[in-house]
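Before any comments, here is the structure.
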Protein chains: 2
Amino acid sequence: MATIYQVSKKAGVSLATVSRVVNNNPKVSENTRLKVLKAMQELGYRPNATAQSLASNRSNSIGIVVSELEGPFFGPMMCEIEANFRSANKHVIIAPGNSDELQEKSAIDFLISRNCDALILYVDAVSDDYLAELAKGDTPIVLINRQVSSIADRCINLDNEQGGYLATKALLDLGHQHIAYIAGPQWKVDARSRFDGHCRALKEAGIEFDSSLFYEGDYHESSGSEGMLYLHKTGRPFSAVVCGNDQMASGAMSAARDCGLRLPEDLSVVGFDDALFARYMHPKLTTVVNPVKEFGAQAAKWVLANVYDKSKVETQTVFEPELRIRDSVQPR
Amino acid sequence: MATIYQVSKKAGVSLATVSRVVNNNPKVSENTRLKVLKAMQELGYRPNATAQSLASNRSNSIGIVVSELEGPFFGPMMCEIEANFRSANKHVIIAPGNSDELQEKSAIDFLISRNCDALILYVDAVSDDYLAELAKGDTPIVLINRQVSSIADRCINLDNEQGGYLATKALLDLGHQHIAYIAGPQWKVDARSRFDGHCRALKEAGIEFDSSLFYEGDYHESSGSEGMLYLHKTGRPFSAVVCGNDQMASGAMSAARDCGLRLPEDLSVVGFDDALFARYMHPKLTTVVNPVKEFGAQAAKWVLANVYDKSKVETQTVFEPELRIRDSVQPR
DNA sequence: CTGTTAGCGCTTTCAG
DNA sequence: CTGAAAGCGCTAACAG
């Protein structure tokens, strides 16, 4: 691979000049610029990003950590972030945290050590204190789906509690009285908040929470199935179930059918997230919209403005959930 | 951020010694190792990967380019690759190619300029020649879902033609005569091969391919729906449809129902890939298994062996498809 | 076992 | 507008 030195040699200019044309520095005469460009062309020169990064302390790349690389949730988010940066000629480096404290920290360390200009984090396991501390470091961070008060302006969030409330409220309004709940992992704040919303709706309707109608899953399809099987087996009657996310709803619906239930006649189901596949399910899933793409777009926007342009731009930090009613619910 | 120099100062040793303990060089006395470790601890030192990479010409990171960041296909693949490398203390840098020649090239350039030790590529748009040329460069590459003869040992593939054959054959065996086909983009080799397999099965059964029973989609759900709508509108009767992948099958099934068809009574459907959601659909989708995770595992294995351990290890390069029969098909 | 000394390829003052 | 020179933080011979 050709180096900047070889290019300068070939073009008969100094190394600094080559650097200038690479960086589009305006104060280079058109003449020499052309000479340099030609030399670069002929040598097939491409700057070594590592060296640039070391010398300039700027990498033009943004680190992203997500809980998972797979699944219908993070894909669109990463995609949106990437698209926003691509048009600004920045690159993303993605690392999975796997909802594990050590792995999340190691992902963050890796990205920092790689000289990322900023970090966009969707993390579950690390503490607020850790994040607050991290925010004091040299690398700017923005948080998705977390609320850390000391850096509230860089926390992008959905009102999950309200979302959970809406989901259950919709069922209540349709006359359902016995509503089961298949929750996400309760140590995660979002899962917890959604469940809190469910309880609020119940309470408001004067219905007492029945713990035998509750199952804690892990946000994946299979646990939705397990949850449904479990609930069905208890024998406790219920005419509707709300799930902590769409994936579990999908698993639950599949299992419900295996149990001989007709959907939505025998059982109404509501999910959470409005993943792409929700509208292709049968029956089409009623769910709470989680604007993941917007999260990504806002996060990217914040970084572009504050880190690269150094302009202060207002970003929306909290989003309101919205219920998307489709065919998976029916009046009682 | 503390540098290696500050650590050496604090520990009262030379800079080289610190480097040695960072790199687990065995020839450091236990005593000084402890001193250095302590100093590192106190300063919260973490090596600057960029500098390490520049100095050693080794980054311990592997570049991956995938067609898309979202969707049920690439997620599990990235995940598997990442998991394999994680345990070896290597990191992955993921970049999307978006099935666009320029973007794929720019993703590759980016990864190379970032000093990746190897590249794992799932690309559609760049030419075989380009890849063959690339393979001659300094950065080792392994290809998934491509066949480039000059580097056949690093091409990991599914026999897509055979997969397409199996899908249609299954339907034929069930007595279906009029089989529609919703294809992936025909400029992609995999989509093309699957369709070729379909044609072979038809031919073998003495059935002539009917072009009015063909629709070319783009591998996404929405185009599956569009395809079904289109086929339904032509009025040409068909009792089964095979789709280029599971996502289009999902879209097609949804649209079929919107057209008033019962599944699988009125229409049998078979997909391709065996994505996770296929088994949660209703009816559960019959499909051809595409061992994406295996692809990822093999690719990672190749890199670990050939790039890092410098040991030659046999990797499986071509996988045989397998039909997974579920509930979405029925005898005619 | 440990220290010295060149770089890795590029950016960035500072002069001119 | 252009060149010289000093690093960025770390690794890797080479001595000792």
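- Residues meeting the salt bridge (charged side-chain N to carboxylate O under 4.0 Å, His left out) test with A/K301, sequence neighbours left out: none.
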Distances under 3.5 Å between protein N/O atoms and the N/O atoms of nucleotides 3-7 of chain C, please, pair by pair.
{"unit_1": "C/dG3", "atom_1": "OP2", "unit_2": "B/S14", "atom_2": "N", "d": "2.8"}
{"unit_1": "C/dG3", "atom_1": "OP2", "unit_2": "B/S14", "atom_2": "OG", "d": "3.3"}
{"unit_1": "C/dG3", "atom_1": "OP2", "unit_2": "B/T17", "atom_2": "OG1", "d": "2.7"}
{"unit_1": "C/dG3", "atom_1": "N7", "unit_2": "B/R20", "atom_2": "NH1", "d": "3.4"}
{"unit_1": "C/dG3", "atom_1": "O6", "unit_2": "B/R20", "atom_2": "NH2", "d": "2.4"}

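- When rounded to the nearest whole Å, the span between CG of A/N24 and P of C/dC10 equals 16 Å.
- Among residue pairs with one or both ends in residues 91-102 of chain A, those qualifying as salt bridge (Lys or Arg N to Asp or Glu O under 4.0 Å) are A/E101-A/K105; sequence neighbours excluded.
- To the nearest 0.5 Å, atoms CG (B/L121) and CG (B/L131) are separated by 7.0 Å.
- Judged as a side chain to side chain donor-acceptor pair (under 3.5 Å), and not counting sequence neighbours, the contacts of B/Y308 are B/D117.
- Residue B/S19 places at least one side-chain N or O closer than 4.0 Å to OP1 or OP2 of D/dT11.
- For the pair A/R114 CZ and D/dC10 P, the interatomic distance rounds to 13 Å; values are reported in whole Å.
- Legend: salt bridge (Lys or Arg N to Asp or Glu O under 4.0 Å) pairs involving residues 14-31 of chain B, not counting sequence neighbours, sorted by first then second residue: B/E30-B/R33.
- Here B/N23 reaches the OP1 or OP2 of D/dT11: one of its side-chain N or O atoms lies under 4.0 Å away.
- Interface residues of residues 30-54 of chain B facing DNA chain C, ordered by number: B/T32, B/L54; criterion, heavy-atom separation under 4.0 Å.
- Protein atom NZ of A/K27 is 11 Å distant from nucleotide atom C1' of C/dT12, rounded to whole Å.
- Legend: residues meeting side chain to side chain donor-acceptor pair (under 3.5 Å) with A/T317, ordered by chain and number and at least two apart, are absent.
- If you measure from atom CG of A/N25 to atom C1' of D/dC1, you get 10 Å, rounded to the nearest angstrom.
- Computed from coordinates, the A/N115 CG to C/dC10 C1' distance equals 13 Å when rounded to whole Å.
- A side-chain donor from one of A/S99 and A/K188 sits under 3.5 Å from a side-chain acceptor of the other.
- Among pairs with a residue in residues 39-57 of chain B, those fulfilling salt bridge (Lys or Arg N to Asp or Glu O under 4.0 Å) read A/D109-B/R46, B/K10-B/E42, B/K38-B/E42, at least two apart in sequence or across chains.
- The nearest whole Å value for the distance from the CG atom in B/N57 to the P atom in C/dG9 is 7 Å.
- With sequence neighbours excluded, the residues satisfying side chain to side chain donor-acceptor pair (under 3.5 Å) with B/E82 are B/R86.
- Taking atom OH on A/Y5 and atom P on D/dA4, their separation rounds to 10 Å, with Å as the unit.
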Ignoring hydrogens and angles, write down the donor-acceptor pairs under 3.5 Å from the side chains of residues 140-148 of chain B, residues two or more places apart or on other chains.
{"unit_1": "B/N145", "atom_1": "ND2", "unit_2": "B/Y122", "atom_2": "OH", "d": "2.8"}
{"unit_1": "B/N145", "atom_1": "ND2", "unit_2": "B/D190", "atom_2": "OD2", "d": "3.0"}
{"unit_1": "B/R146", "atom_1": "NE", "unit_2": "B/D128", "atom_2": "OD1", "d": "3.4"}
{"unit_1": "B/R146", "atom_1": "NH1", "unit_2": "B/V123", "atom_2": "O", "d": "3.3"}
{"unit_1": "B/R146", "atom_1": "NH1", "unit_2": "B/D124", "atom_2": "O", "d": "3.3"}
{"unit_1": "B/R146", "atom_1": "NH1", "unit_2": "B/V126", "atom_2": "O", "d": "3.2"}
{"unit_1": "B/R146", "atom_1": "NH2", "unit_2": "B/V126", "atom_2": "O", "d": "2.8"}
{"unit_1": "B/R146", "atom_1": "NH2", "unit_2": "B/D128", "atom_2": "OD1", "d": "2.6"}
{"unit_1": "B/Q147", "atom_1": "OE1", "unit_2": "B/N157", "atom_2": "ND2", "d": "2.6"}

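- At its two ends the helix from C/dC1-D/dG16 to C/dG16-D/dC1 runs along axes set 30° apart, each axis drawn from five pairs and the angle rounded to 10°.
- Between the C1' atom of C/dC8 and the CD1 atom of B/I4 lies a distance of 15 Å, rounded to the nearest Å.
- A/K9 meets the side chain to side chain donor-acceptor pair (under 3.5 Å) test with A/Y5; sequence neighbours excluded.
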